[in-house]
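Beneath this line is the structure, given in structure tokens, with notes to follow.
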Amino acid sequence: MDLDLLQRTLAERGEPRFRARQVWEWVARGAESYEEMTNLPAALRAELAAAVPLSALALEREARARDGTEKALFRTADDRPLEAVLMRYRDGRRSVCLSSQSGCPLTCTFCATGAMRFGRNLTASEILEQALHFRRREAIDHVVFMGMGEPMLNLDAVLAACERLPDLGVSARRIAVSTVGWIPGIERLAGEGPPVRLALSLHAPEDALRSELMPVNERYPLGDVLAACRRWSQARRAPVFVEYLMLDGVNDRYEQAVALARLLGSDGAFKVNLIPYNPTEAGFAGSSRAAIDAFRSALGERGVMATVRLARGREIDAACGQLAARAEASAVTASP
Ligand code: SAH
């Protein structure tokens, strides 16, 4: 729902201020039509139905993987593509992965989104709409800003969406904002907005390799990024989740685990999440399971907590780094 349009439409009609809140409460709880909003006068419901579409995005395609992961491809009113993913876990967790931009202006070499054309920042309503799409079907309890785009480049809209996500059932502490290490954004999140979690895409333990993989490292080098993350961790009294993609022969050697452990320290400011590489057209190969386990042990022996991320939704290109809004990407079991 376009919340600005809702507010304008209600104001034009001279409706009391609480109407917007009433409508939003219905929408946030998963209402699929204005008809359901029984505490609104019938005439108003009809007018809103004509003036304010319930969804700010058009759903173009959906795909469902065997592990229960679902991916939705949307278009904005000006025809920009974006994707969102729902992950269902066995323990009942329902986590939604949201996009903050259509495409991404950064050019990380291993990521499919970086290879598509950058469109624009999404509005707060367009961000919320992705979560609402899934919320209309089932309860959700976690949100990660790990879809398309760099959230820190669109932080006003991301924070505005985070303010409203609790209405959908997702408290701030169950929201994670992931960044390439955009320092001004990390600094803002340390002092401003709801207490969301921070995730850092690190991927290399030294500057030369990181710059090769992630050109943004030229602008914000490793040491400065980690210092900003430490300040965030102290201010928010929470660990930073470090995402470390496992690329065969590139960043998965023993010495690199040792260097990573030295960089992060064992004071608990950082927790590492090792990410198996999901195939894209970039030509990297993922590390073997044995290499990932060895890397993890080397970190653990040095007091750095590490877990291995479960790859989900791979066969529908819904996994990390695979979101590229390609038409052919959703061929598997497209739902009706
Ligand atoms: N721009 C932000 C938000 C996107 S998060 C960021 O980079 O943090 C997407 C996560 O998936 C990032 O950690 C990214 O590095 C990772 N990723 C990108 N391509 C991947 C791939 N092919 N396989 C696995 N993870 C990938």
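Start at 1 and go down the list; that is how both ligands and their atoms are numbered. When reading the values below, keep in mind they use all heavy atoms of this one structure, side chains included, and skip hydrogens, waters and symmetry mates.
Residue contact check: Glu243 has heavy atoms under 4.0 Å from atoms 10 (C), 12 (C), 13 (O) of ligand 1. Within ligand 1, the atoms closer than 4.0 Å to a non-hydrogen atom of Phe110 are 15 (O), 18 (C), 19 (N), 22 (N), numbered from 1 in the order shown. Proximity to Leu245 (heavy-atom distance under 4.0 Å) selects the following atoms of ligand 1: 23 (N), 24 (C), 25 (N), 26 (C). For ligand 1, the atoms lying closer than 4.0 Å to a non-hydrogen atom of Thr280 are 22 (N). Within ligand 1, the atoms closer than 4.0 Å to a non-hydrogen atom of Gly147 are 4 (C), numbered from 1 in the order shown. Close approach of ligand 1 to Thr179 is summarised as follows: ligand atoms under 4.0 Å from at least one heavy atom of the residue are 6 (C), 8 (O).
In this structure, Asp4 does not pair ionically with Arg8, as no charged nitrogen and carboxylate oxygen lie closer than 4.0 Å. A salt bridge between Arg296 and Glu301 is absent, with no side-chain N of the basic residue lying under 4.0 Å from a carboxylate O of the acidic one. The pair Arg94-Glu70 does not count as a salt bridge, with every side-chain nitrogen at least 4.0 angstrom from each carboxylate oxygen.
Among all non-hydrogen protein atoms, the one lying nearest atom 25 (N) of ligand 1 is Cys320 CB, 3.2 Å. Protein heavy atom in closest approach to atom 9 (C) of ligand 1: Met146 O, 3.6 Å. Taking atom 19 (N) of ligand 1 as the reference point, the nearest protein heavy-atom neighbour is Gly321 CA, 3.0 Å. Nearest protein heavy-atom neighbour of atom 22 (N) of ligand 1: Asn278 O, 2.9 Å.
Residue contact check for ligand 1: His203 places a non-hydrogen atom closer than 4.0 Å to it. Within the structure, the closest approach of Pro276 to ligand 1 falls below 4.0 Å when heavy atoms are considered. Residue contacts with ligand 1 include Gly149, since one or more of its heavy atoms lies under 4.0 Å from the ligand. Ligand 1 has at least one atom lying under 4.0 Å from a heavy atom of Phe145.
Separating the CD atom in Glu150 from the OG atom in Ser178 is a distance of 7.5 Å, to the nearest 0.5 Å. To the nearest 0.5 angstrom, Leu132 atom CG is 9.5 Å from Ser125 atom OG. The distance from the CZ atom of Arg19 to the CG atom of Asn39 is 7.5 Å, given to the nearest 0.5 Å.
Contacts between Ile275 and ligand 1 below 4.0 angstrom, taking non-hydrogen atoms only, involve the side chain exclusively.
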Can you check side chain to side chain donor-acceptor pair (under 3.5 Å) on Asn251 and Gln256, steps first, answer last?
-> CA-CA 6 Å; Asn251 65 357; Gln256 288 165 317; over 6 Å; no
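Between Phe295 and Tyr254, the distance separating the two ring centers is not shorter than 6.0 angstrom.
Tyr89 carries Arg93 over the face of its six-membered ring, with the cationic atom under 6.0 Å from the centre and within 45° of the normal. A cation-pi contact, defined as under 6.0 Å to the ring centre and within 45° of the axis, is absent between Arg230 and Trp232.
Proximity annotation for atom 7 (O) of ligand 1: of Ser201, Ser178, Gly114, Ala199, Ser201 comes nearest, heavy atoms only.
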